Structure formats: C-alpha cells, structure tokens
Amino acid sequence: MLDMKYLRNNFDEVKSKLQNRGEDLSDLDKFGDLDSRRRELIAETEELKAKRNEVSKEISVLKREKKDADHMIKEMREVGERVKELDNELKEVEEQLETMLLSIPNIPHESVPVGEDEDDNMEARQWGDLPDFGFEAKPHWDLATELDILDFERASKVTGSRFVFYKGLGARLERALLNFMMDLHADEHGYQEMLPPYMVNRTAMTGTGQLPKFEEDAFRIADWDYFLVPTAEVPVTNYHREEILDAADLPKKYVAFSASFRSEAGSAGRDTRGLIRQHQFNKVELVQFCKPEESYDVLEELTANAEKVLQLLKLPYRVMSMCTGDLGFTAAKKYDIEVWLPSYNTYREISSCSNFEDFQARRAGIRFRREEKGKPEYVHTLNGSGLAIGRTVSAILENYQQENGSVIVPEVLRPYMGGKEVIK
RNA sequence: GGAGAAGUACCCAAGUGGCUGUAAGGGGGCGCACUCGAAAUGCGCUAGGGCGGGCAACCGUCGCGUGAGUUCGAAUCUCACCUUCUCCGCCA
C-alpha cells in the first residue's frame, strides 16, 4: 500500500511511475476527491464530538447540583444524531479509499529497467557452465519415472493433476535438499529457522499483498476463510504484523520451510509435465525486515544467499533483473534466479528475490523505532526463495543425468543422502 | 463438541453509568537527592499509538480484546465475534 500523504503530494509523479507497470490505473483518479472528502468529514465530525464532550461535562455538573439540563440534553441528542450520520458517511468514504489503495501496485525503484514484459528483463549475471551431454538428455519426468522416484500418475488418481508422490531416493533427495538449504541459511548466513503454519487468515494474505486482488490464485479453506499459504512469505512476514520492532534487532532474518499451494489459475496447458508447475511444492524462503536505508544492500545479500545454494550444488544459473512490466504487484525491485534446465533448453525461475520497501509493512503495520522516544517508522520487508525445492530436484535430475539414466548426487548433498553417490 | 472463567497501559491489578474515573494502586524502568561509590531509603516521571489541523510549540479526536448498539454521557449496560485458561468428551 502506498503512503496516502505521499500520493496526495506527488500524485502526477506516482501516476507516471505506475504507468510503466502497464497496470490498469483507472481507479487512481478517484483518489483526490475521496481524500479531500474524507478530511472534510473528519474535521466536521470531530468538531461536533468536541462539543458533545464539553457539554456532557456541563450536564454532569448540573445533574450533580440537581439543576435542570433538559435543553442541553435535547440539543446533544441532535448533535449525536448528526455525528452518527457523518461517521457513517466517513466510514463509507474510508472503505472506498482503502479498497482503492489496496489495489494500487508498488512504485518501481529507479534502478528497475523500464519495459513491458519478460522480454525486457535484464540479465544481471550468469554463473556456471552449461552441461555438454554426449548423449540425448532426458527431461526429468522421464528420468524420474524410469527411476521410480516420482509418481505423477498415482498422484492424479489420489488428488488430481499437478500433484506428485515422491518415492524412495526421490523423497530422500527432496528431504536432503530441504535440510541442506535450511542448514546453509541458518548456520552460514545467519537466518533464524522457522516452521510456519500452512494456513493463514485473510488479514495476513492482505498484509503481504496476495489479497484483495489475487484471490483466485490461492486455495481457500471452505467455511473457514483461511487460505493455504502460497509461500512461507505470508506467515513469516505477518509474524510481526502490528508490531513495533527495536532498531537494535534489525535486520531480522528468518529462513522458513513450508509447502506452498498455488491454484495456477490461468496457466492451464503450461508446464503440464514434471515438477515445474505443481499445485503444491516445497520451498525454503528467506525473509528479512530491515531499516529503509539498508534495504537495497539487503536485497543484494539475500539474492547472493539464494545463489549460494546453486553454486554449492554446481548448477548453472543466471540472475535477471525484472523490468517494470514484470515486477509483480508488490515489489519495488525484483531479481529472478533462473536455473538451467536442459529439457527446456533454457533457464527457468527457481527463486524470486524482492524488495517491497514499505509496501507490505504499511499494509501489515510493521514498524520500528530508531530511538526510545522516536516516532515509529515502517520497516522495509524483503524475501526470496532459497530455493524452490521441487524445481531444484528437477534441475539436479536433468543436469546430473548420465547416459544410462542414472543420476549423480551432487557432492554437498551426499552427507544428507546417507552417503549415496548415485540414484539408479 | 459440551460446561465454565477471563481479556484494562511494559507487567500485575482496582474500577458496575457522570463524583480529580482526567483509568487508582503496585511492580518494573528512568531521573533526582542522600553516598567516596553502591545498596537501602526518599522524591519525581513513566500510556502507547492512529487520525485531523498547524511551519512549530501545540490543539482536537479515537483508543480499557474486536465490532455493533443503548445513552446527553460507556472500561462500566446490551448483542455478536476473537483470543486465552479450566473441566469433560474426542484426538496425532
């Protein structure tokens, strides 16, 4: 959510920056009228309330002295009715304003390339050499099915499409990766480990920006108004909702493992095979809360923390800086880390690292105090996958495959795999 | 799921419609005095925050779990909801 005062004072500038995102901004022009009507109503209603408070005190004095106060009571009854009318109108105006503000995307950072879609994203860097197989490489779903370590067919019987059973060394590989990633971020990168709830309420989903605009992307629990988490970002960021943090405790760094649930509305027919696009997948998520002046350094740090996983796994990747048209709703700046997938003959997103600045913090009321008597300020929030585990499994299977259909286990994972060196 | 109890400021806690209730009192914290220093003691300060107005000092308004309602006036009365706790049932 944007700062109302900032929007009021810099309306044209904000509007033109948001236009680079290519989103529908037709609501934005209503802001001026709603905002000034709101302030009018507040002034009027508060003046009446001040009067009512004052006269009520006088009434109490008169009553105590057993004097007549009927005319004052009658007058205040009318004032009370007027206050109620104004308050109702105010409430309506504020609801409209709130609805509008919650639907306005974040302002892109000045370093974000201006562009329309993914073709305009800019490559920030590349790491590792692409594998050179002396044979025809297989896609991970064929490899895994032949090795009997993933079972998509039975998952569709038990649940439906876009679900999977991991079996045997497949399950073991997933679990090894989860432990490897958690250990790396907790022990080496200084993040505090967390296992969050897999369901969150509507307020939490609104706090991080999934709602109100993107409800169709989430799974909602019938009768509960709870949502399956689309990412651990939601529970972990909302962990500090409506809190004022100590400046001395910043930056706060959390690494959380959770399953992630996405309805993938609108992606029918895309990535229908394999692990790439499932309704449920495991992910290790990095989340940071920091002071505003630090957040762009933190974004680089957090992205580097995620890259480290791929470097240790020796998987080739590149880092893309998302352009204004591909930023998503909430981010001010975003890097996607894309891993090389031989079956696609291209890089595919395996992590997304974003700086939200104070966009989420304002929605979720997450603030900090610089000094004891200081005014609270909004923190900046950031997060990034470190990494999506299912996609990491597919990258390992494809990049480490051998001609006979077996798969070498990356060295760093072997301690987590009971010393196993090959999946065959 | 059934029956009960509770939610007041950093913590504990008093407060059943106006009476310094302008949210008491205590703890903790901070400051000052005493002291070479400290302890002890004494004195003082200690809601925070949102919103509106103002260049500011400041003024106003809303805050006693949340939201509605009754009333000239609500922490206090009414209703709904949330959370926590106790007992019973069920359960990994």
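Convention: sequence-line order gives letters A, B, ...; per-chain numbering from 1. Since the model is a prediction, treat every value here as computed from it, not as a measurement.
- In this structure, G44(B) is classed as anti because its glycosidic torsion departs from zero by more than 90°.
- Checked against Lys333(A) for a side-chain contact (heavy atoms from CB on, under 4.5 Å), the options Ser354(A), Pro108(A), Ser295(A), Ser321(A) give a single hit: Ser321(A).
- Taking atom C1' on both C58(B) and C11(B), the two are 32 Å apart, rounded to the nearest angstrom.
- Comparing C12(B) with G2(B), their C1' atoms sit 33 Å apart, to the nearest whole Å.
- Ring centroid separation for the pair His380(A) and Tyr296(A) does not come in under the 6.0 Å cut-off.
- When the P atom is compared between G89(B) and C82(B), the two are found 25 Å apart, to the nearest whole Å.
- Remark: Lys30(A) does not engage Asp35(A) in a salt bridge, criterion side-chain N to carboxylate O under 4.0 Å.
- Comparing Arg8(A) and Met76(A) by the nucleotide of RNA chain B whose heavy atom lies nearest to each, the residue mapping closer to the 5' end is Arg8(A).
- Summarising the geometry, the separation between CG on Asn201(A) and P on U66(B) is reported as 17 Å, rounded to the nearest angstrom.
- In this structure, the NZ atom of Lys5(A) is 11 Å from the P atom of G54(B), given to the nearest Å.
- Here the side chain of Ala50(A) is nearest to one of G18(B), G49(B), U61(B), namely U61(B).
- Phosphate contact (OP1/OP2 of A68(B), side-chain N/O of Lys84(A), threshold under 4.0 Å): absent.
- Regarding His71(A), its NE2 atom lies at a distance of 12 Å from the C1' atom of C72(B), rounded to whole Å.
- Comparing the C1' positions of U61(B) and G54(B) gives an interatomic distance of 15 Å, to the nearest angstrom.
- In this structure, CG on Leu228(A) lies 5.0 Å from CZ on Phe261(A), to the nearest 0.5 angstrom.
- Put simply, CD on Glu94(A) is 15 Å from P on G50(B), counting in whole angstrom units.
- Going from the C1' atom of A24(B) to that of C32(B) covers 25 Å, rounded to whole Å.
- Atom CG in Asp87(A) sits roughly 15 Å away from atom P in G52(B) (whole-Å rounding).
- Rounded to a whole angstrom, the distance from the C1' atom of C88(B) to that of C81(B) is 25 Å.
- In this entry the distance linking NZ of Lys51(A) with P of C59(B) reads 22 Å, nearest Å.
- The distance from atom CD of Glu46(A) to atom P of G50(B) is 15 Å, rounded to the nearest whole Å.
- The separation between Glu95(A) atom CD and A68(B) atom P is 10 Å, rounded to whole Å.
- The phosphate of U71(B) (OP1 or OP2) has no side-chain N or O of Arg77(A) nearer than 4.0 angstrom.
- Listed pair Arg39(A) / G52(B) fails the phosphate criterion, with no side-chain N or O lying under 4.0 Å from OP1 or OP2.
- Each of Gly80(A) and Ala43(A) was assigned the nucleotide of RNA chain B with the nearest heavy atom; the assignment lying further toward the 5' end belongs to Ala43(A).
- Using a 4.0 Å cut-off, no side-chain N or O of Arg367(A) falls inside it from OP1 or OP2 of G49(B).
- With a 6.0 Å cutoff to the six-membered ring centre and a 45° limit on the axis angle, Arg362(A) counts as a cation-pi contact of Tyr378(A).
- Ring geometry for His189(A) versus Tyr191(A): interplanar angle over 60°, hence perpendicular rather than tilted (30 to 60°).
- Looking at heavy-atom distances under 4.0 Å, Lys375(A) makes contact with sugar-phosphate atoms alone, never a base.
- The same atom, C1', is picked in A40(B) and in C59(B); the two are 45 Å apart, to the nearest Å.
- For the atom pair Arg277(A) CZ and Glu264(A) CD, the distance stands at 5.0 Å (nearest 0.5 Å).
- Across all strands shown, Ile59(A) has heavy atoms under 4.0 Å from base atoms, whether or not it also approaches the sugar-phosphate.
- Here the separation of C10(B) from A5(B), taken at their P atoms, is 29 Å to the nearest Å.
- Here the nucleotide nearest the side chain of Arg38(A), chosen from C51(B), U61(B), G49(B), is C51(B).
- Taking a pair as Watson-Crick or G-U wobble with both distances under 3.5 Å, RNA chain B forms stems of 3 or more consecutive pairs at B:1-7 with B:82-88, B:10-12 with B:25-27, B:28-33 with B:41-46, B:49-53 with B:58-62, B:65-69 with B:77-81.
- Phe214(A) and Phe329(A) have their aromatic ring centers within a separation under 6.0 angstrom.
- Residue Asn53(A) places at least one side-chain N or O closer than 4.0 Å to OP1 or OP2 of C62(B).
- Remark: aromatic rings of His185(A) and Tyr254(A) are distant, center separation not under 6.0 Å.
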